[in-house]
Amino acid sequence: MSLTNRLMTDLKAAMKSHDKTALSVIRMLKSALMNKKIELGHELNSEEELQVVVSQMKQQKDSLAEFEKAQREDLVADTKAQMQVLSQYMPQQLSEAEVQEIVQQTAAKIGATSKADFGKLMQAVMPQVKGKADGNKVNQMVKDLLQ
């Protein structure tokens, strides 16, 4: 089932159950997908849909950090609830060990051994883990490996 179809099904279910949080998140996600479709001028493929979901999750994480910094507990709770709903549409996340293994295998494949190879290694690793792992964690693992 495509993401758009799944969102429509979930939207109906959220309406029936009067789940305001899920309803707002699904509408936000549908809107973001539609905006991306208009921007690109064609129907989105699954990878492009994934990019939109990942982008929305990143925005929520950034908002959460700001709300926590401002000690706005009411907004923190709302944002966490929204992230919970949004996480249902995220791909299965890789474990830290799986990401570490990908980084090490890719480094061995391209011959990355020093800090000078950082950019080359990141460029090779990120497409493999895009949407499945936090970029900041991948960045740190690559730095640790190349020290």
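The shown structure was predicted, so the numbers you read here are calculated from the model rather than taken from an experiment.
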According to the salt bridge (Lys or Arg N to Asp or Glu O under 4.0 Å) rule, which pairs have a member within residues 81-95, sequence neighbours left out? none
Flag the pair Asp10 / Arg6 as yes when at least one side-chain heavy-atom distance between them is below 4.5 Å, and no otherwise. yes
Ser31 side chain vs Arg27 backbone, donor-acceptor pair below 3.5 Å: no
Taking C-beta and beyond as the side chain, do Phe118 and Asn139 meet within less than 4.5 Å on heavy atoms? yes
Quick one: does Met90's side chain get under 4.5 Å of Lys132's, heavy atoms only? no
Would Lys37 and Glu43 pass as an ion pair if we require N to O under 4.0 Å? yes
Answer with yes or no whether the side chains of Glu96 and Gln100 bring together a donor and an acceptor at under 3.5 Å. no
When you look at Ile110 and Lys120, which way does the side-chain contact (heavy atoms from CB on, under 4.5 Å) test go after all the steps? CA-CA 8 Å; Ile110 66 171; Lys120 186 168 65 168; 4.0 Å; yes
With the side chain counted from C-beta on, respond yes when Arg72 and Asp74 share a heavy-atom pair under 4.5 Å apart, and no when they do not. yes
Check for a donor-acceptor pair, side chain of Thr106 on one end and backbone N or O of Val103 on the other, with a separation under 3.5 Å. no
Are there more than 12 heavy atoms of other residues, nucleotides or ligands under 6.0 Å from atom CD of Gln84? no
Nearest-0.5 Å distance that lies between atom OG in Ser55 and atom CD in Gln60: 10.5 Å
Same apolar cluster: Val129 and Val53, side chain cutoff 4.5 Å: no
Same cluster or not: are Leu50 and Val138 linked, directly or through other Ile, Leu, Val, Met, Phe, Trp or Tyr residues, by side-chain heavy atoms under 4.5 angstrom apart? no
Is it true that Leu7 and Leu40 fall in one hydrophobic cluster, defined by side-chain heavy atoms closer than 4.5 Å? yes
Report the distance from atom CG of Leu33 to atom NZ of Lys30, rounding to the nearest 0.5 Å. 9.0 Å
Does Gln104, at its CD atom, have more than 12 non-hydrogen atoms belonging to other residues, nucleotides or ligands within less than 6.0 Å? yes
Taking the side chain as every heavy atom from C-beta outward, state whether Lys143 and Leu146 have any pair of such atoms under 4.5 Å apart. no
Expected output: side-chain Glu48 to main-chain Asn45 donor-acceptor under 3.5 Å: yes
Would you mind checking if Lys80 and Asp78 are paired as a salt bridge, meaning a charged N to carboxylate O distance below 4.0 Å? no
How long is the gap from CG on Leu86 to CD on Gln59, to the nearest 0.5 Å? 9.5 Å
Measure the shortest side-chain to side-chain distance between Leu145 and Leu121 over non-hydrogen atoms and say whether it is less than 4.5 angstrom. yes
Smallest heavy-atom separation, Ala32 atom then Val52 atom, equals CB-CG1, 3.7 Å
Distance (rounded to the nearest 0.5 Å) between Leu94 CG and Ile102 CD1: 5.0 Å
Can you tell which of Met28, Met83, Gln82 makes a side chain to side chain contact (heavy atoms under 4.5 Å, CB included) with Gln56? Met28
Any heavy-atom pair between the side chains of Val85 and Leu29 that's under 4.5 Å? no
Hey, could you give me the CG/NZ distance between Leu23 and Lys16, rounded to the nearest 0.5 Å? 13.0 Å
In the structure I gave you, are the side-chain heavy atoms of Thr4 and Glu49 within less than 4.5 Å of one another anywhere? yes
Drop me the distance from Thr21's OG1 to Ile26's CD1, to the nearest 0.5 angstrom. 10.5 Å
Does Tyr89 belong to the same Ile/Leu/Val/Met/Phe/Trp/Tyr cluster as Met15, with side-chain heavy atoms less than 4.5 Å apart forming each link? yes
Closest non-hydrogen atom pair, Asp117 against Gly111: OD2-O, 3.9 Å
Is there a path of hydrophobic side-chain contacts, each under 4.5 Å between heavy atoms of I/L/V/M/F/W/Y residues, joining Met126 to Val54? no
Side-chain donor-acceptor pair under 3.5 Å between Asp144 and Gln140, yes or no? yes
Take a 6.0 Å sphere around CD of Gln93 and say whether it holds more than 12 heavy atoms from other residues, nucleotides or ligands. yes
So, does Ser17 use its side chain to make a donor-acceptor pair with the main chain of Ala13 at under 3.5 Å? yes
